[in-house]
Asks: 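The structure that follows is given in the form of structure tokens.
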Amino acid sequence: MDNRIIAIQRDTRFSPNSVSRDREILELVCREIDSEIPIIDESQLSDYLSADVYISMARLPESLSVLKKLKEEGRIVINDAHAVDSCTRSKLDTIMTLNNIPKPPQKGENGYWLKRGDAAAQEENDVVFCPDEESLQDSCRLFIQRGISDYTISAHVVGDVVKFYGVSNGFFRYFYPTDDHHMKFKHELINGKAHHYAFDVDALKNETTRLAKLIGIDVYGGDVIVDKNGLFYIIDFNDWPSFSRCKTEAAKAISQLIKERI
């Protein structure tokens with residue numbers, strides 16, 4: 001490749017229980033493009049400002065600020081730093097509400113989910129299931145004590161947890177995490193083993209693609225709940241997941257996207 005390319009691995013705090021898997025998908029993407037691409041930690045970014053292309057999993061505010069400036073200078077950055085900013089739960093919740101993207105209601109009869117809103121989950125306690133309103137208020141107080149004043153609240157939806165992965169060039173896959181027990185924090189177990197309720201896969205792909213376009217993100221993934229009636233609700237949406245269930249296919253799709261942009 002004529003363009004000097006740098007790959008950026010996200011800070012380990014944003015890869016809870018997934019550091020090696022996140023590293024692996026980045027390595028696979030680089031290998032598809034050029035085996036000589038260096039992979040740096042995002043804390044090192046300020047020492048690598050002369051590249052033409054940045055393949056980025058970065059999430060730290062200071063890293064995103066640098067990447068925004070690099071893009072303004074004409075560099076290619078995937079994922080776009082402005083889009084990554086929009087993947088915080090509070091911003092996502094607003095975007096989804098304004099654009100009628102299917103998501104859980106705020107009130108329900110089966111408990112609640114309290115989630116850190118200012119950043120992606122960094123530890124298990126950043127996402128808390130609350131069986132009733134009393135425990136929800138207690139958990140909110142604990143968030144405040146931890147210094148987390150930005151959070152989202154949504155009703156728990158009973159149904160199958162489905163994990164999806166996407167790339168803006170059309171790649172899309174979905175899996176049931178309780179089938180292979182491959183889970184980050186095991187929150188999926190609250191819903192129990194998947195029943196594999198029938199649902200419209202094309203509609204799910206269309207809605208997740210629409211959300212990705214609204215945000216401006218190229219490499220993404222997340223979780224939905226599919227209820228017994230086949231209705232789905234997006235409960236999580238992340239920039240650049242590990243693609244652990246389809247990493248080889250995903251790496252080819254991501255690398256092809258990058259090659260087309262260079």
Side-chain angles (χ1 to χ4, degrees), residues 7-19 21-22 25-26 29 42 45 54-68 70-71 77-104 113-123 126-127 148-154 162-169 171-174 184-185 187 204-225 232-244 250 253-254 257-258:
I8 308 168
Q9 184 174 13
R10 67 172 56 107
D11 191 89
T12 56
R13 78 189 73 176
F14 297 114
S15 295
N17 302 327
S18 299
V19 173
R21 290 194 292 269
D22 283 352
I25 182 62
L26 195 57
V29 169
E42 64 173 302
L45 178 57
Y54 291 86
I55 304 171
S56 175
M57 301 180 85
R59 284 182 179 170
L60 288 170
E62 51 267 38
S63 303
L64 297 179
S65 179
V66 171
L67 290 168
K68 288 172 187 176
L70 290 170
K71 184 176 181 181
V77 182
I78 299 172
N79 276 319
D80 179 85
H82 290 283
V84 175
D85 256 346
S86 294
C87 284
T88 60
R89 284 197 173 92
S90 290
K91 291 179 181 178
L92 271 172
D93 190 64
T94 299
I95 291 169
M96 292 173 71
T97 299
L98 292 174
N99 292 279
N100 297 312
I101 301 288
K103 65 186 186 73
W113 286 96
L114 174 67
K115 300 179 180 182
R116 181 175 188 152
D118 61 339
Q122 300 173 38
E123 58 181 85
D126 285 347
V127 178
I148 302 172
S149 57
D150 184 353
Y151 50 78
T152 64
I153 297 170
S154 59
V162 178
K163 186 168 288 292
F164 64 87
Y165 302 101
V167 182
S168 62
N169 57 6
F171 177 89
F172 181 80
R173 298 289 185 275
Y174 73 94
K184 185 179 293 187
F185 295 131
H187 289 136
L204 174 60
K205 179 180 179 180
N206 290 340
E207 289 297 332
T208 55
T209 300
R210 185 162 72 94
L211 179 55
K213 287 181 178 178
L214 287 166
I215 294 167
I217 204 83
D218 283 304
V219 184
Y220 56 89
D223 301 89
V224 301
I225 300 294
F232 60 82
Y233 307 82
I234 298 174
I235 60 170
D236 204 3
F237 190 92
N238 300 308
D239 60 286
W240 207 314
S242 65
F243 291 91
S244 51
I254 298 166
L257 173 74
I258 294 168

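All values derive from a computational prediction rather than experimental measurement.
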Asks: How long is the span from the CZ atom in Phe14 to the OG atom in Ser63, to the nearest 0.5 Å?
Replies: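 One finds 8.5 Å between CZ of Phe14 and OG of Ser63.
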
Asks: For Leu26, is there any backbone N or O sitting under 3.5 Å from a side-chain donor or acceptor partner on Gln9?
Replies: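 It does not hold such a pair.
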
Asks: If we ignore hydrogens and angles and just use 3.5 Å, is the side chain of Arg10 paired with the main-chain N or O of Asp22 as donor and acceptor?
Replies: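 No, the answer is negative, given that no donor and acceptor are paired below the 3.5 Å cut-off.
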
Asks: Any chance you could measure Lys163, atom NZ, to Ser244, atom OG, to the nearest 0.5 Å?
Replies: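 So the NZ of Lys163 and the OG of Ser244 are separated by 7.5 Å.
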
Asks: Please set out all donor-acceptor pairs under 3.5 angstrom arising from side-chain atoms of residues 209-217, sequence neighbours excluded.
Replies:
residue: Thr209; atom: OG1; partner: Lys205; partner atom: O; Å: 2.7
residue: Arg210; atom: NE; partner: Glu207; partner atom: OE1; Å: 3.3
residue: Arg210; atom: NH1; partner: Asn99; partner atom: O; Å: 3.0
residue: Arg210; atom: NH2; partner: Asn99; partner atom: O; Å: 3.2
residue: Arg210; atom: NH2; partner: Asn100; partner atom: O; Å: 3.4
residue: Arg210; atom: NH2; partner: Glu207; partner atom: OE1; Å: 2.8

Asks: With side chains defined as the heavy atoms from C-beta onward, is the minimum distance between Thr208 and Ile234 less than 4.5 Å?
Replies: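 In contact.
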
Asks: Taking all atoms of both residues into account, what is the closest heavy-atom pair of Arg21 and Ser242, and its distance?
Replies: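 For Arg21 versus Ser242, the nearest heavy atoms are CB-CB, 3.8 Å.
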
Asks: Starting at OG of Ser56, measure out to CD1 of Ile78 and round the result to the nearest 0.5 Å.
Replies: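 Separation between the atoms: 10.0 Å.
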
Asks: Return yes if some donor-acceptor pair links the side-chain N/O of Asp223 with the main-chain N/O of Ile235 below 3.5 Å, else return no.
Replies: no

Asks: Of all residues at least two apart in sequence or in a different chain, which pass the ring-ring contact (aromatic ring centres under 6.0 Å, His included) check with Phe164?
Replies: none

Asks: Between the main-chain N or O of Ala83 and the side-chain N or O of Asp239, is there a donor-acceptor pair closer than 3.5 Å?
Replies: no

Asks: Do you know which two heavy atoms are closest between Glu42 and Asp11, and how far apart they sit?
Replies: OE2-N, 2.7 Å

Asks: Is the side chain of Asn79 donor-acceptor paired with the backbone N or O of Asp218 at a distance under 3.5 Å, no angle test?
Replies: yes

Asks: In Å, rounded to the nearest 0.5 Å, how long is the span from CD1 of Ile8 to CG of Leu45?
Replies: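 Answer for the CD1-CG pair, Ile8 versus Leu45, is 4.5 Å.
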
Asks: Where is the tightest heavy-atom contact between Phe243 and Ala250, given as atom of each residue plus distance?
Replies: CD2-CB, 3.3 Å

Asks: Less than 4.0 angstrom from a charged side-chain N to a carboxylate O is my criterion; do Lys68 and Asp85 meet it?
Replies: yes

Asks: Can you tell me which residue among Asp118, Asp236, Asp150 is in a salt bridge (charged side-chain N to carboxylate O under 4.0 Å, His left out) with Arg89?
Replies: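 The single option meeting the salt bridge (charged side-chain N to carboxylate O under 4.0 Å, His left out) with Arg89 is Asp236.
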
Asks: To the nearest 0.5 angstrom, please state how far the CG atom of Leu114 sits from the CG atom of Asp126.
Replies: 9.5 Å

Asks: Got a sec, which residues hit ring-ring contact (aromatic ring centres under 6.0 Å, His included) with Phe171, two or more places apart in sequence or on another chain?
Replies: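 Here no residue qualifies.
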
Asks: Can you find a heavy atom in the side chain of Ile225 that is under 4.5 Å from one in the side chain of Pro104?
Replies: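 Side-chain contact under 4.5 Å: no.
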
Asks: Please report the shortest heavy-atom distance between Pro241 and Ile25, naming the atom on each side.
Replies: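 Answer, listing the atom of Pro241 first, then Ile25: O-CG2, 4.0 Å.
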
Asks: Answer whether the closest heavy-atom distance between the side chains of Ile55 and Trp240 falls below 4.5 Å.
Replies: yes

Asks: Restricting to non-hydrogen atoms, name the atom on Ala58 and the atom on Leu67 that form the minimum distance, rounded to 0.1 Å.
Replies: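 It is CB-CD1, 4.0 Å.
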
Asks: State whether a side-chain donor-acceptor pair under 3.5 Å links Asp93 with Thr152.
Replies: no

Asks: Considering residues, nucleotides and ligands other than Lys71, do more than 12 of their heavy atoms fall under 6.0 Å from its NZ?
Replies: no

Asks: Can you tell me how far the NE2 atom of His82 sits from the SG atom of Cys87, to the nearest 0.5 Å?
Replies: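 His82 NE2 to Cys87 SG: 13.5 Å, rounded to 0.5 Å.
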
